[in-house]
Every structure is written in structure tokens, then in C-alpha cells.
Number of protein chains: 2
Amino acid sequence: MQLTLHTDYALRVLIYLAMHPNQRVTITELSTFFNISRNHLVKVVHNLGLKGFIQSVRGKNGGLYLSRSADQIRVGEVVRQMEANFHIVECFNPQKQGVCPIQGKCKLTSLLCRAKEQFLKELDGTLLSEVLLNK
Amino acid sequence: MQLTLHTDYALRVLIYLAMHPNQRVTITELSTFFNISRNHLVKVVHNLGLKGFIQSVRGKNGGLYLSRSADQIRVGEVVRQMEANFHIVECFNPQKQGVCPIQGKCKLTSLLCRAKEQFLKELDGTLLSEVLLNK
DNA sequence: TATAAGATGTATTTTAAATACATCTTTAAA
DNA sequence: TTTAAAGATGTATTTAAAATACATCTTATA
Ligand code: SF4
Ligand code: SF4
């Protein structure tokens, strides 16, 4: 059970932006600081933009900044938006309906759904501003 | 975020065995019922044996049965044992220590750890015997 | 003692994620 | 008004893990 690097990278970007408020941060700066493939970061950043977490300015002196301040962003929200799928087990996947012969009768489905919600609920309890580096 | 099919298959096997107590169930029977690659099921079953959930008898009239009764097995325990890794993010992986430059300073680590525990705690609250088919 | 069952090890296939590459568009400073 | 710096977008390739397949060995009992 793991989140994708894509989601982890998204969180790193948001943390960095939160630590540099009122600035335009470039993807290259992020890529260098985190030592992450710039090409991949571009996609993460693009996705963060689509989901409304960040704004971008093109051209000279362009860069990225948070759409909302860090104390207005819940970690759970970021994970929900950035993680592509939460198909904990096969029957959660709309494209795999009926593959498992006990689907509909198995009570694991609802249990795992509750477990997933507990996971996200815990993340909802923390704001991006509370995640910033200790020292 | 998803569990491996391996873990899901393991749960299916345990559910089936729990529904057929005092019987020896063959892998072939399981493979047919669940329509799962027999070869793959063999590995799942073997792993369930290693982890002490089931016993097996070889030879004619052999088969599998639960080591403990279904009301003595917590779902969380099965998931903890069968899921190969719980490296929610990169820094959870012992082989990736120090790759993320903010590791040690980022408070996401402990937050995600708590979230993971909440996920498993929810699963710990249900026994295998409570998961059996409704009807 | 024949055969049905699981055990074990290796190899291949499949899939999704991660990464790389190429090119286009926007913007503001020079 | 030109130009370079920045992000946007689309496609292709690589990687790694999971899933599946194949082959052979061991055990137990009818
Ligand atoms: S119905 Fe139960 S056993 Fe089947 S895929 Fe869903 S959770 Fe797993
Ligand atoms: S330290 Fe924080 S940002 Fe880095 S891998 Fe761990 S959770 Fe992600």
C-alpha cells in the first residue's frame, strides 16, 4: 500500500511554495532543490494547477505560487485530488465490476471503504501550514 | 493507493475456508470458484501457510483449512501480514533513506504514519467471521 | 505403488508509474 | 519589438513491480 511518487512530489512542491510565500518559484528551482526529474515535475506542477492548488505565470520572471495560503489547504484534500486512484481492492474499480465472484456479498468492501476514509480523515486534520519544516 | 491482488486473493481464500469449516479445500477448488490463475493462488496459499493462517495436508484427500477459527482472525492482521510493503511515501522505505532532501524535517512522515495506523485500526475492528457473505 | 495433492523455484508477461524528449505558447524585460 | 525565460502540452521510452505461466519435486493415502 503506497501513494504514488506523483502525489508525494505534489506535496513537496506545495511545502516548498508554502515556505516561500509572496515569491514566484520556478520549476527548475524546485527540480534542483528536490533533485527530481524536471520533466516529471512539470507534470506534477501542471496537475497541481488543474486542481487549483497553484497559479503559474509564464514568461520572464514567471513561476509558481499557491492559489490559497498554506493554512487554507488540508493535506487530505491534496492527497484526494492528486492520487489517481483509490481502488483499494479490485471491486472498487468501476472497470472490474463482477470480476470477483463474491462481490456484493462480501462485507470487506464496506470495511475497506471505511478504512480508506479513516486514512484520509487523519490527513484532513492537518493543514499544509502545519507540515512545514521544523527547523 | 491500493492493496495488491495478492492480499485481496489471500482474503478471498480465508473467506472461502471460513465458510467451509471442518473441510479440506483444495487449491484447484479455490482457483475454479474464484476464477483465479491456479499458479498465482499457489503462491498466495503458500504465503498464508508461512504466516500461520492456514494448514495444509498433502496427498490424496489433502487440502487446506484455517489454523484458527474465523472468529479468532482480525482482518487487519491478515492485511498487515500479507501486504508486502506499507511504504506510503518514499521516506518510509529503508532503501530510500535520504533521497528526499527534506526528510527528517518534514512533518508529513509522522502524519502519514498515523493515517496508515488509522487505516489498519479500522480493519482490526472486524473479524474474519464477520466478513462472511451476507446471503 | 499409483496418484492426487501441495511445495518450490524460475521465467515470462503485463501494467502502471516514472522518466525522457520534442515542440509550442506566453510574457515581460531589454 | 525582439528575445529569452518561463510554463504548456503531447508522445515515446524506460523501469519496476505485480501477476501469471511453466517445470519439477515432495508428501501422503487409498
Ligand atoms: S468483493 Fe470482497 S473479496 Fe471480492 S474484490 Fe471486493 S473486497 Fe475483495
Ligand atoms: S520527507 Fe516528507 S516530502 Fe519527503 S518523502 Fe517523506 S513525506 Fe514525502
(request) Mind calculating the distance between CD (Glu90(A)) and C1' (dT14(C)) to the nearest angstrom? (result) 15 Å
(request) Measure from CG on Asp8(B) to C1' on dA19(D) and round the result to the nearest Å. (result) 13 Å
(request) Nearest 0.5 Å please: distance from the CG atom of Leu66(B) over to the CZ atom of Arg68(B). (result) 9.5 Å
(message) Are Phe33(B) and Tyr16(B), when compared by the centres of their aromatic rings, separated by less than 6.0 Å?
(response) yes
(request) May I have the distance from Ile54(B) (atom CD1) to dA7(C) (atom C1'), rounded to whole angstrom? (result) 12 Å
(request) Identify whether any heavy atom of Gly63(A) sits under 4.0 Å from a base atom; if not, whether one sits that close to sugar-phosphate; answer base, sugar-phosphate or nothing. (result) sugar-phosphate
(request) Check whether any side-chain N or O of Glu83(A) sits under 3.5 Å from a backbone N or O of Thr4(A) as a donor-acceptor pair, and report yes or no. (result) yes
(message) Without decimals, in angstroms, what is the distance between Glu83(B) CD and dA18(D) C1'?
(response) 11 Å
(request) Please state whether the rings of Phe119(A) and Phe119(B) are parallel, tilted or perpendicular, taking 30° and 60° as the class boundaries. (result) perpendicular
(request) Determine: side-chain N/O of Asn61(B) to OP1/OP2 of dA30(D), distance under 4.0 Å, yes or no. (result) yes
(message) Is it the case that the side chain of Ser56(B) and the backbone of Gly63(B) share a donor-acceptor pair, with hydrogens and angles ignored and the cut-off at 3.5 Å?
(response) no
(request) Take nucleotides 15-24 of chain C nucleotide by nucleotide from the 5' end and write B, S or -, depending on whether a protein heavy atom sits under 4.0 Å from the base, only from the sugar-phosphate, or from neither. (result) ---SBBB---
(request) Verify whether one side chain among Thr126(B) and Arg74(B) offers a donor that lies under 3.5 Å from an acceptor in the other. (result) no
(request) Take atom CG of Asn47(B) and atom C1' of dG6(C), then tell me their distance rounded to the nearest Å. (result) 15 Å
(request) Tell me which nucleotide among dA8(D), dA28(C), dT9(D) gets nearest to the side chain of Val45(A). (result) dA8(D)
(message) Tell me which residues in residues 17-29 of chain A lie within less than 4.0 Å of DNA chain C, going by non-hydrogen atoms.
(response) none
(request) Kindly say if His46(A) contacts the phosphate of dG7(D), meaning a side-chain N or O under 4.0 Å from OP1 or OP2. (result) no
(message) Is the distance between the ring centroids of Phe92(A) and Phe86(A) under 6.0 Å?
(response) no
(message) Nearest 0.5 Å, please: how far is CG in Leu132(A) from NZ in Lys105(B)?
(response) 12.5 Å
